[in-house]
Amino acid sequence: MCGIIGYTGADDIVRALAGGLEKLEYRGYDSAGIAFAEHGRLRVIKSVGRIALLEEKLADVRTDARCGIGHTRWATHGRPTEINCHPHLSFGKKFAVVHNGIIENCRKLQTLCENRGITPVSDTDSELIAHLLELNYEGDALSAVRRTAAMLEGSFAVAALCSDAPDEIYAFRRSSPLIIGVGKGMCCLASDGCAARAERTYLLGDGQYARLSSRGAEFFSHGKPAAPKRIQTADAGSCERGGYAHFMLKEIHEQPEAAARTIEAVGNRRLRGEVLYLGCGSSYNAALAAIPLTERGTGAEAHAVTAGEFLFSERVNGRGKTAVLLSQSGETADTVAAAEEAKRRGYATVSITNVPRSSLTRACRRNILTHAGPEISVATTKGFTSQAAALAALLTGAEEEDAVRRLPFAIERALGCDGDAKAVSELFASCRTAFFVGRREDCGAAYEGALKLREITYVPAMGLSAGELKHGTISLVEEGTPVVLIHTDPALKDKTLLTAATVRARGGTVIAVTADDEVAAACDFTLRIPFVPPLLSPAVSVVPLQLLAYHAAVRMGRDVDKPRNLAKSVTVE
């Protein structure tokens, strides 16, 4: 989603902000800009497109300013244009604002501004925050911040400059995260720990606001001093590519270690009774893959529903049932809203997420961390496998504990198919569509494989149950159509062989992901994986699918880590 950066200190402000924005590129964006206070006025420079285009504008900028804010925008209100790009200036150019999130009462606030003779120039809800700050300003910027924050409904993380206080940054938030770093003679803020590099880092509390200067940071709540939460951010190395061509490839190779950390962290905790899984995108796919394991492990029914659909479903009583909410970032707006709705319906709520102290962990009664480490590529990889590993550990008994603990080694071995995946990826470079199919626990992996290919190659790819292939979708299979067939359960071999034969009879090219020699022989190409108990297999079988998508995207010249129109964390519903 959108990214925020801020800095005040001795460093060149233009270079400091540009460097911070580069660290936020992975989040997904369509425009970027900076603002800084200079000689009693606020100067704004912004550009549509990649940060490299903004940096071209900044190349000749010279200033003695040492305090500023920056932003990468992912359009929600209004198209990606320079006018809609952040930072936004208030009507009298007294305040500059950058904002993540969404203001739900923006129409009401726009009417308020228009009644005061202020006509917004952009299509964004964010611009209104700048106008409200100036309307509320009576010589004390901190008081204006407090009054403005109280007027906003929705989720927001805001950083602001005031021309009357050129060495200070003001920050306030609700729901959307904002991290503040404090060091010797400097302060910084960012929406991401990788961009907030400082000796000490703090998470600005929900409903808190802060004033930052080179002298330090002050935190407030309801007009009184407040104590922020000290946090550890990721080490600098985890935010660098470390010799890999792309972050996505690095993160694919980090999966064995991430799975091992996650399994160790889950320990002897277990899920019991009927379970409803709620998530979006890859998190939903991980839940879907775990349904057979859940039903076997709990002896009760399990269901998976996308979080957004759950919000509008019938209000079934959830008492005596558990809702498990999955989100890599812990800030996915639909999933956080679904957690609140599940509590209202009486469900016991459990989160599975990678981020402690996130909005989702605060919304749920119990929390399980996946310990995947930072994920920079927009398309998640170790987020999925860590969630799958966490579910495997939560749902298996003592008799399968050894099999669960061996999952990281199986993931490591699955990475060995990288060369074959690179060769097979040529099939996707010119195809019109592609299909990923599997049965039972392989179905969720198939959905995830299709999602990865769609995300980073833009090839229309469909994931579906192999049994559904013949119910309409087979009409799309023609000569050369790639069909990826995931097979991990020996009991389903005959069905898998029939599916392979059906596709090949219509000219389709079948790529097997399997450990089974007979299935491999019945297909055109094979991406080998080690055998693991089928119910535990999604964390392993997905690895070749990730590699396949990665190499196809590289071959097609796509922007692998920053695919178009996508955001790392979707913090609006």
Side-chain angles (χ1 to χ4, degrees), residues 244 246 248-256 258-259 282 285-286 289 377 379-389 407-429 431 434-439 441-457 459 461-464 466 482-489 496 499-500 503 509-517 519-534 536-555 560:
Y244 288 91
H246 298 91
M248 183 178 180
L249 186 61
K250 175 178 182 268
E251 288 154 12
I252 288 172
H253 282 268
E254 289 174 342
Q255 290 179 118
S282 292
N285 295 339
S377 179
T380 185
T381 50
K382 59 181 178 176
F384 177 92
T385 49
S386 296
Q387 289 175 351
L407 271 178
F409 301 102
I411 295 171
E412 183 77 46
R413 289 181 59 196
L415 289 168
C417 75
D418 183 65
D420 291 334
K422 185 175 183 179
V424 171
S425 69
E426 185 176 1
L427 299 173
F428 298 86
C431 69
F435 300 95
F436 292 71
V437 299
R439 283 183 168 82
E441 57 279 345
D442 294 336
C443 191
Y447 273 61
E448 179 63 9
L451 177 60
K452 288 284 95 59
L453 194 72
R454 287 198 305 272
E455 284 180 317
I456 63 172
T457 68
V459 169
M462 181 184 297
L464 69 162
V483 178
V484 180
L485 180 57
I486 301 111
H487 171 77
T488 62
D489 190 346
T496 299
T499 299
V503 172
T509 302
V510 183
I511 303 106
V513 175
T514 187
D516 189 287
D517 291 339
V519 170
C523 298
D524 298 290
F525 300 94
T526 301
L527 302 178
R528 291 274 182 179
I529 56 173
F531 178 80
V532 296
L536 305 181
S537 65
V540 179
S541 60
V542 76
V543 174
L545 309 181
Q546 297 167 344
L547 290 167
L548 193 62
Y550 170 77
H551 287 298
V554 172
R555 187 180 294 270
V560 174

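Both backbone and side-chain heavy atoms feed into the values below; hydrogens, waters and symmetry mates do not.
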For residues 412-422, which residue pairs qualify under side-chain hydrogen bond (donor to acceptor under 3.5 Å, both in side chains), counting only residues two or more places apart or in two chains? Asp418-His551

Evaluate Thr381 against Tyr550 for side chain to side chain contact (heavy atoms under 4.5 Å, CB included), listing each step before the verdict. CA-CA 11 Å; Thr381 50; Tyr550 170 77; over 6 Å; no

Do the side chains of [Y] and [X] get nearer than 4.5 Å, heavy atoms only?
X      : Y      : result
Phe436 : Leu453 : yes
Phe428 : Ile511 : yes
Ile486 : Leu545 : yes
Val532 : Thr488 : no
Thr380 : Lys452 : yes

Can you tell me how far the [atom1] atom of [X] sits from the [atom2] atom of [Y], to the nearest 0.5 Å?
X      : Y      : atom1 : atom2 : value
Met462 : Arg454 : CE    : CZ    : 9.0 Å
Leu548 : Gln546 : CG    : CD    : 11.0 Å
Glu455 : Glu448 : CD    : CD    : 7.0 Å
Gln255 : Ile411 : CD    : CD1   : 6.5 Å
Glu254 : Leu415 : CD    : CG    : 11.0 Å

Please identify each residue that fulfils salt bridge (charged side-chain N to carboxylate O under 4.0 Å, His left out) with Glu441, with sequence neighbours left out.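 Testing Glu441 for salt bridge (charged side-chain N to carboxylate O under 4.0 Å, His left out), a comparison that skips the adjacent residues, returns none.
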
Write down the atom of [X], the atom of [Y], and the distance for their closest heavy-atom approach.
X      : Y      : result
Cys523 : Ala512 : SG-CB, 3.6 Å
Phe384 : Ser282 : CD1-O, 3.5 Å
Arg528 : Cys417 : O-CB, 3.8 Å
Gly463 : Ala450 : N-CB, 3.4 Å
Ser386 : Ala258 : OG-CB, 3.7 Å
Phe531 : Ala515 : N-CB, 3.8 Å

When you look at Leu249 and Leu547, which way does the side chain to side chain contact (heavy atoms under 4.5 Å, CB included) test go after all the steps? CA-CA 8 Å; Leu249 186 61; Leu547 290 167; 4.2 Å; yes

Candidate pair Ile529 and Val543, rule side chain to side chain contact (heavy atoms under 4.5 Å, CB included), full reasoning: CA-CA 9 Å; Ile529 56 173; Val543 174; over 6 Å; no

Would the distance check show the side chain of Thr514 and the main-chain N or O of His487 forming a donor-acceptor pair, the cut-off being under 3.5 Å?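 Yes, Thr514 side chain to His487 backbone: donor-acceptor pair under 3.5 Å.
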
Answer yes if the side chains of Asp524 and Thr509 hold a donor-acceptor pair under 3.5 Å, and no otherwise.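 No, because no side-chain N or O of Asp524 sits under 3.5 Å from a partner of the opposite role on Thr509.
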
Check each of Val513, Leu427, Val510 against Phe525 using the side-chain contact (heavy atoms from CB on, under 4.5 Å) test, and report the only one that passes. Leu427

Listing request: all salt bridge (Lys or Arg N to Asp or Glu O under 4.0 Å) pairs with a residue in residues 538-549, at least two apart in sequence or in separate chains.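 Counting only pairs at least two positions apart or across chains, no salt bridge (Lys or Arg N to Asp or Glu O under 4.0 Å) contact touches residues 538-549.
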
